Amino acid sequence: MKAVENVDAVVVGTGFAGVYAIHKLRSLGLSVRAFEAGSDVGGTWYWNKYPGARCDVESLEYSFGFSNEIQQKWDWSHRFSFQPDIQRYIAHVADTVDVRQLIEFNTKVVSQTYDEKQQRWAVSTDKGEVIHCSFCVMATGILSVPLYPDIPGLDSFTGEKYHSGAWPSEPVDFTGKRVAVFGTGATGIQIVPEVAKQASRLFVMQRTANFSLPAGNKPLRPEDVETYRKDYPERRKRARKHIFGISNVPEPTRSVLELSEEEANAAFEKLWEMGGSLNFQMAFNDFMKDERANKRLADFVRRKIRETVKDQATAEKLCPYDHPIGSRRICIDTGYYETYNRDNVELISLRETPVKRITPKGIETEAGEIEVDAIVFATGFDGITGALTHIDIAGRNGVKLSEQWQKEVGSYMGFTVHGFPNMFIITGPGSPAVKSNMVMSIEQHVELIGDTIAYMRSRGLGAIEATAEAERAWMERVSEIANKTLFVKADSWYNGANVAGKARGFTIYVGGVNNYRLEVENMIADGYRGMVLEPLRSDQKTEARASL
Ligand code: NA7
């Protein structure tokens, strides 16, 4: 017999989003249960424990603003945080707001079924529990489903195998080993310099070259942290109105094309010294709008690659030519290109010598077999929608979310989906999500969801659902904004191109955190325009009242 429990809300996942969502909903008086597949909070930062894992948004910005107590007390050690620091931070937040007792760790949600008559969801876990709730809050993350490449013979390999997104908790020692790393996205570019320090030989298996900028990571000076702390309330307000959701880099106001080539290169040199990618992205307003502006920056970075990497044949292979800079995530690194000057590191271009198969001893490319002791897959994720489509979610009339999104990914304002009443997604498709400071966008969505539930409860409403028309119009708007930019000029996980058979489409709102916030505020001011609000069914009233 399955145990059945009734609560107001179930939160799925306990990274940044889930931890804050539990706290928010409980502070509204709701009873909450949360489920987490990992053994601790942290989400993406719990699973991605690979060597070199760091954030590409500065620590003092990539942190919560909802609790002044937390932001005044927490000490960040580095400009860009290392994974263990971020993991510790999320754990500290969970402890401070005291939500751990509401979380079932090592437990996966496997299905969710909506009951129209009851206006409630039945949520089932892999431990056999069934929980009935009014609201499902999906804090399942953007990068939660690791992807292994579809290469013949993968299972035949007898050495060690790792995926960056499912890294073991114990440190992995590559000392003296021959290692191959597949993937040169943001993750591979962080892993390669670290593994190169230990491995006897490192083979970097590159399919597509990506642009990477120096992180310029460094310890934070206590006096700078103190100044930041004093300004935090003002900074957080500013960040909410910023295109990317940060307070420390102003928005761009001028075109790089106003400068001569020499002036532009001098400006780029300064930015290169400053480090980080947002300094570059915020310096000029046309990198992502004008191919000529984009090419100026791309040419500059390609020149830097050629200057850094001694072997010019290797440098040329590392230069990206097939996409505008920024159309895929711009990576930031610590010594990535310099790593190719080491004697123990070899770049294998899979464009020149494609992989034929994985063998028991290593990798067979068209140029022959490379024997290795370990393979690291930094091959990415079924991003944005994967975590949701891997749960068997059945909405109104039994319609499955995975089937609906197989045809076309749709969402109204990035937090709800037509056909799935009372299910809220934190930073879902159709919201700024990964094209913003994620923590800022998470906070906004948690507050939006909290406000929506409070609105429903105060008016005796039992269900809320986006209309099909509103959802279609919203996704058209998201596409229309993206189509005016160079974001749509590349294939990557941003548009689903990295997963065979996945519906293609650029579903990220790239109009800016500031404009997105205004769109949401206007929708609410118009009485949840584009959404159907159902009264609470009479048989549900007693239960709802009792739980408040
Ligand atoms: P990404 O950015 O999706 O990168 C995955 C990498 O793996 C990329 O270089 C892929 O090459 C490569 N890949 C994928 N499949 C294969 C096969 N079959 N053979 C060889 N190489 C392959 O994932 P990351 O984890 O690096 O970054 C995800 C996000 O995390 C990042 O954007 C930041 O927001 C943080 P491809 O480009 O497809 O040719």
Side-chain angles (χ1 to χ4, degrees), residues 15 43-45 47-57 62 80-81 83 86 141-154 162-167 180-192 203-213 215 244 276-278 281 317-318 320-323 325-333 336 347-358 363-366 370 375-384 386-387 427 432-439 441 487 490-500 502 504 508:
T44 298
W45 294 106
W47 295 103
N48 285 267
K49 299 184 184 88
Y50 61 82
R54 291 177 207 102
C55 189
D56 61 1
V57 176
Y62 193 81
F80 295 105
S81 288
Q83 174 272 333
I86 304 177
I142 307 277
L143 298 163
S144 322
V145 179
L147 277 184
Y148 286 86
D150 187 14
I151 302 176
L154 196 67
Y162 304 97
H163 193 289
S164 58
W167 202 262
V181 174
F182 274 88
T184 51
T187 301
I189 281 174
Q190 291 185 331
I191 290 179
V192 162
F203 302 93
V204 183
M205 316 301 285
Q206 173 188 275
R207 195 163 64 179
T208 308
N210 281 302
F211 290 97
S212 186
L213 306 170
F244 195 80
S277 76
L278 282 169
Q281 292 179 58
K317 286 181 202 164
L318 287 165
Y321 290 101
D322 59 0
H323 62 277
I325 184 167
S327 56
R328 299 169 134 224
R329 185 87 172 181
I330 304 183
C331 311
I332 64 169
D333 70 89
Y336 176 65
L347 180 70
I348 312 283
S349 166
L350 301 180
R351 299 261 187 239
E352 290 171 9
T353 53
V355 172
K356 286 166 83 175
R357 64 184 68 85
I358 305 275
I363 299 145
E364 190 184 333
T365 73
E366 286 187 358
I370 300 167
I375 304 179
V376 173
F377 293 102
T379 41
F381 302 85
D382 183 355
I384 306 177
T427 62
V434 284
K435 297 312 300 172
S436 71
N437 173 3
M438 276 297 285
V439 185
S441 284
F487 286 114
D491 277 342
S492 73
W493 65 272
Y494 283 165
N495 65 353
N498 66 331
V499 182
K502 188 168 173 172
R504 293 278 183 102
I508 307 168

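Since the structure is predicted, the reported quantities are computational estimates derived from the model, not experimental observations. Indexing begins at 1, ligand by ligand and atom by atom, following the structure's order.
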Nearest protein heavy atom with distance in Å, relative to [atom]:
atom	result
atom 39 (O) of ligand 1	Thr208 OG1, 2.4 Å
atom 13 (N) of ligand 1	Thr379 CG2, 3.7 Å
atom 4 (O) of ligand 1	Gly185 CA, 3.8 Å
atom 18 (N) of ligand 1	Pro149 CB, 3.1 Å
atom 31 (C) of ligand 1	Ala186 CB, 3.6 Å
atom 9 (O) of ligand 1	Thr184 N, 2.9 Å

Check for me whether [X] has a heavy atom closer than 4.0 Å to any atom of ligand 1.
X	answer
Ala378	yes
Phe381	yes
Gln206	no

Could you grab the distance from atom [atom1] of [X] to atom [atom2] of [Y], nearest 0.5 Å is fine?
X	Y	atom1	atom2	answer
Ile348	Ile363	CD1	CD1	8.5 Å
Trp493	Thr379	CH2	OG1	14.5 Å
Ile332	Ser212	CD1	OG	8.0 Å
Arg54	Asn48	CZ	CG	13.5 Å
Arg329	Ile189	CZ	CD1	12.5 Å
Asn437	Leu278	CG	CG	8.5 Å

Would you mind running through ligand 1 and noting each atom that sits below 4.0 Å from a heavy atom of [X]?
X	answer
Phe182	20 (C)
Gly183	6 (C), 7 (O), 9 (O), 12 (C)
Gly380	3 (O), 5 (C), 23 (O), 25 (O)
Arg328	36 (P), 37 (O)

Could you tell me whether some N/O pair between [X] and ligand 1 is separated by less than 3.5 angstrom?
X	result
Leu350	no
Trp493	yes
Arg207	yes
Ser164	no
Thr187	yes

TODO: Please check if any side-chain donor atom of Thr208 sits under 3.5 Å from a side-chain acceptor atom of Arg351, or the reverse.
DONE: yes
Open item on the list: Do Ser164 and Thr187 pair up side chain to side chain, a donor and an acceptor below 3.5 Å, judged on atom types alone?
Closed with: no
Test of understanding: given a 4.0 Å heavy-atom threshold, classify the contact between [X] and ligand 1 as side chain, backbone, both, or neither.
X	answer
Leu143	side chain
Leu147	neither
Met205	neither

Under the 3.5 angstrom rule, does the side chain of [X] hit a backbone N or O of [Y] as a donor-acceptor pair?
X	Y	result
Asp56	Cys331	no
Arg328	Asp491	yes
Gln83	Trp45	yes

Task: Geometric class of the Phe182/Phe377 ring pair [parallel <30°, tilted 30-60°, perpendicular >60°] - done: parallel
Task: Heavy-atom pair of closest approach, residues Ala209 and Lys317 - done: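 Minimum heavy-atom separation between Ala209 and Lys317: CB-O, 3.6 Å.
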